Amino acid sequence: MSLLQPYIQQCATAFTPPFSISSPHSSYVSVSKRSFISCCSSHSQTAVLNGTIDGKIAERAEIRLGLPSKGRMAADTLDLLKDCQLSVKQVNPRQYVAQIPQLSDVEVWFQRPKDIVRKLLSGDLDLGVVGLDTVSEYGQGNEDLIIVHDALEYGDCRLSLAIPKYGIFENINSLRELAGMPQWTTEKPLRVATGFTYLGPKFMQENGLRHVTFSTADGALEAAPAMGIADAILDLVSSGTTLKENNLKEIEGGVVLESQAVLVASRKALIQRKGALDTTHEILERFEAHLRALGQFTVTANMRGGSAEEVAERVLSQPSLAGLQGPTVCPVFCRRDGKVTSDYFAIVICVPKKALYKSVQQLRAIGGSGVLISPLTYIFDEETPRWRELLSKLGM
């Protein structure tokens, strides 16, 4: 085997559907009958694996974080970082590199989402924020990619199969029914238009659809069935409105994956690059604390009582006043007739937004007064399960 063979094989894997794999000695792989993707490289005397030399990451002082460069995902990612007191400072909006002053060892690189995944694998980036769909499509299960946080609460969508509402598909409402249609043969397979040439074939194969071909298309895939160039499409869906407006429908069992923004890292970087794991820990903690506080409010009220235990008993008798771990009850001191007394107690609880008004009513019902409400910004708890899971994945 030549020194370049591992690299050539990896390139082939990166673009080849599971049941359309060409010979490892071929210079291209087939995605459809009319689509070919080249994969070649100049000769080298050094073995290259995942863009690293002999399995080691390239030496550099900074830790590189890849962020989406355009679109809603880019804006929402910057907003999340800002909410976590990690604002990105970009001197020139045309530049692709920026800084986060609170993380002096981090260098931000704005890239296309798919390039973030590729550069995590090549060792050019250490961390990245992208959609789970992008990680799954371009990462293709590579063990060097580790999902650090799997739910950043934005970029929600699903990768779903959609077929026309009319014609031979009018009464087809499930993947099983689609697979059982007698129309699909070796000579006339189901034609699917998609940009997901790894996840699409993998999903079809796992669900027993053998007679399927895939074609790639630029622009809106929703037009492909109406134009007669595809029988179905496999694309990202948010609300489903665009599908309905183009007489398309999703079917039962046709969702390939649910996706949202995730924080992903290179396993090699976390293990080998100095400071990468500590920086990842800080980013994860900030994300977790902020996301946990979303939709939560601090409620403070005064209540007359003979003891803290008596007041706590009254508060805990109400189902909406339990808080995260229970109410905080402490005496309120005042001076009366020249003496310091504590006839009142202050109650502090954490309440979700949807239960806020009900909680205020329950507090009043048990004698609460002077109710103050303020939104929470962060909830820092003990080490999060995600951090423990990350250390476990790294064998630490």
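Just so it is clear, the model here is predicted, and its values are computed rather than measured. What's counted below: heavy atoms across the whole structure, side chains too, no hydrogens, waters or symmetry copies. Residue numbers start at 1 and run along the sequence shown.
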*Asks:* May I have the step-by-step check of side chain to side chain contact (heavy atoms under 4.5 Å, CB included) for Ile116 and Val129, ending in yes or no?
*Replies:* CA-CA 8 Å; Ile116 291 175; Val129 176; over 6 Å; no
*Asks:* Between Asn92 (side chain) and Arg94 (backbone), is there a donor-acceptor pair under 3.5 Å?
*Replies:*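 Yes: the side chain of Asn92 pairs with the backbone of Arg94.
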*Asks:* Could you pull out all residues at least two apart from Lys114 that satisfy side-chain contact (heavy atoms from CB on, under 4.5 Å)?
*Replies:*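 side-chain contact (heavy atoms from CB on, under 4.5 Å) list for Lys114, sorted by chain: Arg112, Arg118, Thr134, Tyr138.
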*Asks:* Answer yes or no: is there a side-chain heavy-atom contact under 4.5 Å between Ile233 and Thr194?
*Replies:*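 Side chain of Ile233 against side chain of Thr194, heavy atoms only: no contact under 4.5 Å found.
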*Asks:* Which residues pass the side-chain contact (heavy atoms from CB on, under 4.5 Å) test with Asn207, not counting sequence neighbours?
*Replies:* Leu175, Phe203, Leu209
*Asks:* Quick one: do Val332 and Ile349 end up in the same hydrophobic cluster if we chain Ile, Leu, Val, Met, Phe, Trp and Tyr together by side-chain heavy atoms under 4.5 Å apart?
*Replies:* no
*Asks:* Are Val106 and Tyr96 connected in the hydrophobic side-chain network, where two residues link if heavy atoms are under 4.5 Å apart?
*Replies:*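 Yes; tracing contacts between hydrophobic side chains, which count when under 4.5 Å, links both residues.
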*Asks:* Answer whether the closest heavy-atom distance between the side chains of Thr280 and Ile283 falls below 4.5 Å.
*Replies:*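 Contact flag for Thr280/Ile283 side chains = no.
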*Asks:* Is the shortest side-chain N to carboxylate O distance from Asp343 to Arg336 below 4.0 Å?
*Replies:* yes
*Asks:* Any side-chain to backbone donor/acceptor pair from Gln205 onto Pro201? Under 3.5 Å, distance only.
*Replies:*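 Side chain of Gln205 to backbone of Pro201: no pair is present.
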*Asks:* Hey, does the side chain of Thr279 reach the backbone of Gly275 with a donor-acceptor pair shorter than 3.5 angstrom?
*Replies:*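 Yes; at least one donor-acceptor contact below 3.5 Å.
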*Asks:* Would you say Leu234 ends up clustered with Leu236 if hydrophobic residues are merged whenever their side chains have heavy atoms under 4.5 Å apart, either directly or through other cluster members?
*Replies:*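 Linked within one cluster.
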*Asks:* Show the nearest heavy-atom pair for residues Val264 and Leu120, with the distance to one decimal.
*Replies:* CG1-CD1, 3.4 Å
*Asks:* Mind jotting down which residue pairs meet the ring pair (Phe, Tyr, Trp, His ring centres under 6.0 Å) criterion with at least one end in residues 362-396? Sequence neighbours excluded, please.
*Replies:* His281-Trp387, Tyr378-Phe380
*Asks:* Would you find a donor on one side and an acceptor on the other, under 3.5 Å apart, between the side chain of Glu310 and the backbone of Gly306?
*Replies:*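 Such a contact is found between Glu310 side chain and Gly306 backbone.
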*Asks:* What verdict does the side chain to side chain contact (heavy atoms under 4.5 Å, CB included) test give for Thr328 and Ile347, after you've listed the backbone C-alpha separation in whole Å, the side-chain angles of each residue and the deciding distance to 0.1 Å?
*Replies:* CA-CA 6 Å; Thr328 299; Ile347 302 102; over 6 Å; no
*Asks:* Grab the two heavy atoms, one from Pro164 and one from Asp231, that are nearest each other, plus how far apart they are.
*Replies:*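 Closest approach of Pro164 to Asp231, heavy atoms only: CD-O, 3.2 Å.
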*Asks:* Could you walk me through whether Leu277 and Leu394 satisfy the side chain to side chain contact (heavy atoms under 4.5 Å, CB included) test, starting with their C-alpha distance in whole Å, then the side-chain angles of each, then the deciding distance to 0.1 Å, before giving a yes or no?
*Replies:* CA-CA 10 Å; Leu277 190 59; Leu394 296 174; 3.8 Å; yes
*Asks:* In a table with atom names and distances, give each donor-acceptor pair under 3.5 Å that connects a side chain of residues 357-373 to protein atoms at least two apart or in another chain.
*Replies:*
residue	atom	partner	partner atom	Å
Ser359	OG	Ser320	O	3.3
Ser359	OG	Ala355	O	2.7
Gln362	OE1	Ser320	N	3.2

*Asks:* Can Arg273 and Asp105 be said to form a salt bridge (Lys or Arg N to Asp or Glu O under 4.0 Å), step by step?
*Replies:* CA-CA 12 Å; Arg273 190 169 312 287; Asp105 57 346; over 6 Å; no
*Asks:* Once rounded to the nearest 0.5 Å, what's the spacing between atom CZ of Phe196 and atom CG of Leu159?
*Replies:* 5.0 Å
*Asks:* Is Arg267 salt-bridged to Asp144, going by a charged N under 4.0 Å from an acidic O?
*Replies:*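 A salt bridge is absent here (no side-chain N lies under 4.0 Å from a carboxylate O).
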*Asks:* Are side-chain heavy atoms of Phe287 and Leu263 found at a separation under 4.5 Å?
*Replies:* yes
*Asks:* Closest heavy-atom contact between Leu243 and Glu222?
*Replies:* CD2-CG, 4.1 Å
*Asks:* What do the steps show when you test Asp133 against Val135 for side chain to side chain contact (heavy atoms under 4.5 Å, CB included), and what is the final call?
*Replies:* CA-CA 6 Å; Asp133 58 290; Val135 176; over 6 Å; no
*Asks:* Sequence neighbours left out, what pairs pass salt bridge (charged side-chain N to carboxylate O under 4.0 Å, His left out) with at least one residue falling in residues 246-265?
*Replies:* Arg158-Glu250
*Asks:* Hydrophobic clustering (ILVMFWY, side-chain heavy atoms < 4.5 Å, transitive) - are Leu103 and Leu127 grouped together?
*Replies:* yes
*Asks:* Check the hydrophobic clustering (I, L, V, M, F, W, Y; side-chain heavy atoms under 4.5 Å; chains of links allowed) and say if Leu86 and Tyr154 are grouped together.
*Replies:* yes
*Asks:* Please list, chain by chain and in numerical order, all residues satisfying side-chain contact (heavy atoms from CB on, under 4.5 Å) with Val88, sequence neighbours excluded.
*Replies:*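 Val88 satisfies side-chain contact (heavy atoms from CB on, under 4.5 Å) with Leu67, Leu78, Leu81, Ala98, Ile100, Val108, Phe110 once adjacent residues are dropped.
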*Asks:* Got a sec: does the CD of Glu143 have more than 12 other heavy atoms crowding it under 6.0 Å?
*Replies:* no
*Asks:* Pairs in or reaching into residues 290-309: which pass salt bridge (charged side-chain N to carboxylate O under 4.0 Å, His left out), with residues at least two apart or in two chains?
*Replies:* Arg292-Asp381
*Asks:* When you look at OH of Tyr166, are more than 12 heavy atoms from neighbouring residues, nucleotides or ligands closer to it than 6.0 Å?
*Replies:*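 Buried by this count: over 12 neighbours within 6.0 Å.
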*Asks:* Taking Arg386 for its side chain and Val148 for its backbone only, find out whether a donor-acceptor pair lies under 3.5 Å.
*Replies:*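 Here the side-chain-to-backbone pair does not exist.
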*Asks:* If you measure from the Lys or Arg side-chain nitrogens to the Asp or Glu carboxylate oxygens, is any gap between Glu62 and Arg64 under 4.0 Å?
*Replies:*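 Counted as a salt bridge, because a side-chain N and a carboxylate O are separated by less than 4.0 Å.
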*Asks:* Apply side-chain hydrogen bond (donor to acceptor under 3.5 Å, both in side chains) to Asp278 and list each qualifying residue two or more places apart in sequence or on a separate chain.
*Replies:*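 By the side-chain hydrogen bond (donor to acceptor under 3.5 Å, both in side chains) rule, Asp278 matches no residue at all.
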*Asks:* Report yes or no: does Arg191 contribute a side-chain atom to a donor-acceptor pair with the main-chain N or O of Gly228 at less than 3.5 Å?
*Replies:*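 Here the side-chain-to-backbone pair exists.
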*Asks:* Would you check if Glu137 and Thr197 make a side-chain contact, meaning some heavy-atom pair closer than 4.5 Å?
*Replies:* yes
*Asks:* Taking C-beta and beyond as the side chain, do Leu161 and Met204 meet within less than 4.5 Å on heavy atoms?
*Replies:* yes
*Asks:* Residues two or more places apart in sequence or in another chain: which of them pass side-chain hydrogen bond (donor to acceptor under 3.5 Å, both in side chains) with Asp124?
*Replies:*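 Listed in chain order: Ser122.
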*Asks:* Among pairs that include at least one residue of residues 232-241, which meet side-chain hydrogen bond (donor to acceptor under 3.5 Å, both in side chains), considering only residues two or more places apart or in two chains?
*Replies:* Ser239-Thr241
*Asks:* Among all residues two or more places apart in sequence or in another chain, which pass the side-chain contact (heavy atoms from CB on, under 4.5 Å) test with Asp79?
*Replies:* Asp76
*Asks:* Could you check whether atom CE of Met396 has more than 12 heavy atoms from other residues, nucleotides or ligands sitting under 6.0 Å from it?
*Replies:*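 Enclosed: over 12 neighbouring heavy atoms sit under 6.0 Å from CE of Met396.
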*Asks:* Do the side-chain N and O atoms of Gln296 and Lys353 include a donor-acceptor pair separated by under 3.5 angstrom?
*Replies:*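 No, no side-chain donor-acceptor pair sits under 3.5 Å.
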*Asks:* Is there a side-chain contact between Ser307 and Val311 in this structure, where contact means two heavy atoms from C-beta onward sitting under 4.5 Å apart?
*Replies:*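 The answer is no; the side chains never approach within 4.5 Å.
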*Asks:* For the residue pair Leu178 and Met181, establish whether any side-chain heavy-atom pair is separated by less than 4.5 Å.
*Replies:* yes
*Asks:* Is it the case that atom CZ in Arg388 sees more than 12 heavy atoms from other parts of the structure closer than 6.0 Å?
*Replies:*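 Yes.
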*Asks:* For atom CD of Gln325, decide whether the heavy atoms of other residues, nucleotides or ligands shown that lie under 6.0 angstrom number more than 12.
*Replies:*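 Atom CD in Gln325 is not crowded, with 12 or fewer foreign heavy atoms closer than 6.0 Å.
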*Asks:* Give, for atom CZ of Phe169 and atom CG of Leu248, the distance between the pair rounded to the nearest 0.5 Å.
*Replies:* 10.5 Å
*Asks:* Should we say atom CD of Glu206 is surrounded by more than 12 heavy atoms from elsewhere, each under 6.0 Å from it?
*Replies:* yes
*Asks:* With sequence neighbours left out, what residues match Trp109 under side-chain hydrogen bond (donor to acceptor under 3.5 Å, both in side chains)?
*Replies:*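 Partners of Trp109 by the side-chain hydrogen bond (donor to acceptor under 3.5 Å, both in side chains) criterion, ordered by chain and then number, come out as Glu107.
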*Asks:* With a 4.5 Å limit on heavy-atom distance, are the side chains of Leu199 and Leu257 in contact?
*Replies:*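 Leu199 reaches Leu257 side chain to side chain.
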*Asks:* Is Glu389 salt-bridged to Lys393, cutoff N-O under 4.0 Å?
*Replies:*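 Here Glu389 does not pair with Lys393 in a salt bridge, since their nearest N and O are not under 4.0 Å apart.
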